[in-house]
Amino acid sequence: MATEKVFPMTLEGKAKLENELNDLKTVKRKEVVERIKIARSFGDLSENSEYDSAKDEQAFVEGRITTLENMIRSAQIIDASATSGEVALGNTVTFKELPNGDEESYTIVGSAEADPFEGLISNDSPIAKALLGCKEGDEVSIQTPGGEMNVKITKISA
């Protein structure tokens, strides 16, 4: 029997997914059904692009609902405050690129809530993988798709 994948996430990340799921079920699903009804009224379905588009959107919405339900059901809540001074899931890590780069801060989260533009990086990303388990003051070499990057961890916070 296959084991179900666990999705590590913060309470905020889980709430965000629950809100998206609620919106899809209560709003988006109804909008798509209405679009299908209207498209059916246009007649011949074999050459009806509005109908095809609405059915494609319905498939996407239903697929996303299934994905979100699975992620929420398999969520493992991250408790960042329970760490021992080492970088762990849920921590915000501030580091400086060596030799004289700018400081950057990222929060390490599960892949389900990663959003690099918001400073949330997946624990599966090269940066997070290299930082996990390190301590404040450590110098870390990170292998990125753009090449090697050396950083010094200046702060770890929950």
Side-chain angles (χ1 to χ4, degrees), residues 1-32 35 52-158:
M1 187 160 142
T3 58
E4 217 173 280
K5 181 178 178 182
V6 172
F7 294 93
M9 63 184 73
T10 61
L11 279 172
E12 296 82 16
K14 184 177 180 189
K16 187 176 177 183
L17 293 180
E18 288 169 337
N19 288 339
E20 180 184 353
L21 178 61
N22 185 51
D23 182 60
L24 287 172
K25 284 181 164 182
T26 60
V27 178
K28 198 70 171 163
R29 195 182 251 170
K30 290 176 184 172
E31 289 174 358
V32 172
R35 281 189 55 211
D52 291 339
S53 173
K55 289 298 279 183
D56 288 345
E57 186 176 358
Q58 182 183 39
F60 173 80
V61 168
E62 294 303 324
R64 182 68 179 155
I65 287 171
T66 301
T67 299
L68 289 173
E69 287 174 339
N70 182 40
M71 292 168 87
I72 292 167
R73 182 177 53 256
S74 302
Q76 177 185 33
I77 302 302
I78 301 165
D79 182 10
S81 63
T83 60
S84 59
E86 292 183 349
V87 178
L89 259 75
N91 287 145
T92 299
V93 183
T94 303
F95 58 83
K96 185 174 186 169
E97 192 170 349
L98 299 174
N100 50 11
D102 294 330
E103 270 196 343
E104 299 178 42
S105 291
Y106 294 101
T107 302
I108 301 174
V109 296
S111 59
E113 63 180 307
D115 185 354
F117 297 110
E118 295 294 323
L120 303 171
I121 60 172
S122 167
N123 60 318
D124 294 327
S125 71
I127 293 174
K129 283 182 178 180
L131 295 174
L132 288 168
C134 294
K135 297 179 186 269
E136 210 169 282
D138 285 357
E139 291 187 12
V140 182
S141 178
I142 302 170
Q143 296 297 326
T144 68
E148 186 177 68
M149 178 171 82
N150 294 304
V151 302
K152 181 173 183 174
I153 299 172
T154 56
K155 183 179 179 185
I156 302 169
S157 55

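Numbering starts at 1 and runs along the sequence shown.
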Exercise. Do Met149 and Ile127 touch side chain to side chain, with heavy atoms closer than 4.5 Å?
Worked result: yes
Table please: side-chain donor-acceptor pairs of residues 116-126 below 3.5 Å, with sequence neighbours left out.
unit_1 : atom_1 : unit_2 : atom_2 : d
Ser122 : OG     : Asp124 : N      : 3.0
Ser125 : OG     : Ser122 : O      : 2.8
Ser125 : OG     : Ala128 : N      : 3.2

If I take atom [atom1] from residue [X] and atom [atom2] from residue [Y], how far apart are they, to the nearest 0.5 angstrom?
| X | Y | atom1 | atom2 | result |
| --- | --- | --- | --- | --- |
| Ile65 | Asp23 | CD1 | CG | 9.5 Å |
| Thr26 | Glu31 | OG1 | CD | 9.5 Å |
| Ile72 | Leu21 | CD1 | CG | 5.0 Å |

Which heavy atom of [X] sits nearest a heavy atom of [Y], and at what distance?
| X | Y | answer |
| --- | --- | --- |
| Gly101 | Lys96 | O-CE, 3.1 Å |
| Pro8 | Leu89 | CB-CD2, 3.4 Å |
| Ser105 | Thr92 | CB-CG2, 4.3 Å |
| Ile153 | Phe95 | CA-CB, 4.0 Å |
| Ala88 | Ile108 | O-CB, 4.3 Å |

If you look only at distance, which donor and acceptor atoms sit under 3.5 Å apart when one is on a side chain in residues 132-147 and the other is two or more places apart or in another chain?
unit_1 : atom_1 : unit_2 : atom_2 : d
Glu136 : OE1    : Ile156 : N      : 3.3
Asp138 : OD2    : Lys135 : N      : 2.8
Ser141 : OG     : Glu148 : OE2    : 2.8
Ser141 : OG     : Asn150 : OD1    : 3.4
Gln143 : NE2    : Glu148 : OE2    : 3.0
Thr144 : OG1    : Gly146 : N      : 3.3
Thr144 : OG1    : Gly147 : N      : 3.3
Thr144 : OG1    : Gly147 : O      : 2.5

Donor-acceptor pairs under 3.5 angstrom involving side-chain atoms of residues 12-19: please list them, not counting sequence neighbours.
unit_1 : atom_1 : unit_2 : atom_2 : d
Glu12  : OE1    : Thr10  : OG1    : 3.4
Asn19  : ND2    : Ala15  : O      : 3.4

Problem set entry | Any residue meeting side chain to side chain donor-acceptor pair (under 3.5 Å) with Ser111, in chain and number order, not counting sequence neighbours | none
Exercise. Restricting to pairs with a member in residues 98-108, which pass salt bridge (Lys or Arg N to Asp or Glu O under 4.0 Å), not counting sequence neighbours?
Worked result: none
Problem set entry | Listed once per pair and sorted, the side chain to side chain donor-acceptor pair (under 3.5 Å) pairs that draw on residues 60-70, sequence neighbours left out | Glu20-Arg64, Lys25-Glu69, Arg29-Glu62, Asn70-Arg73
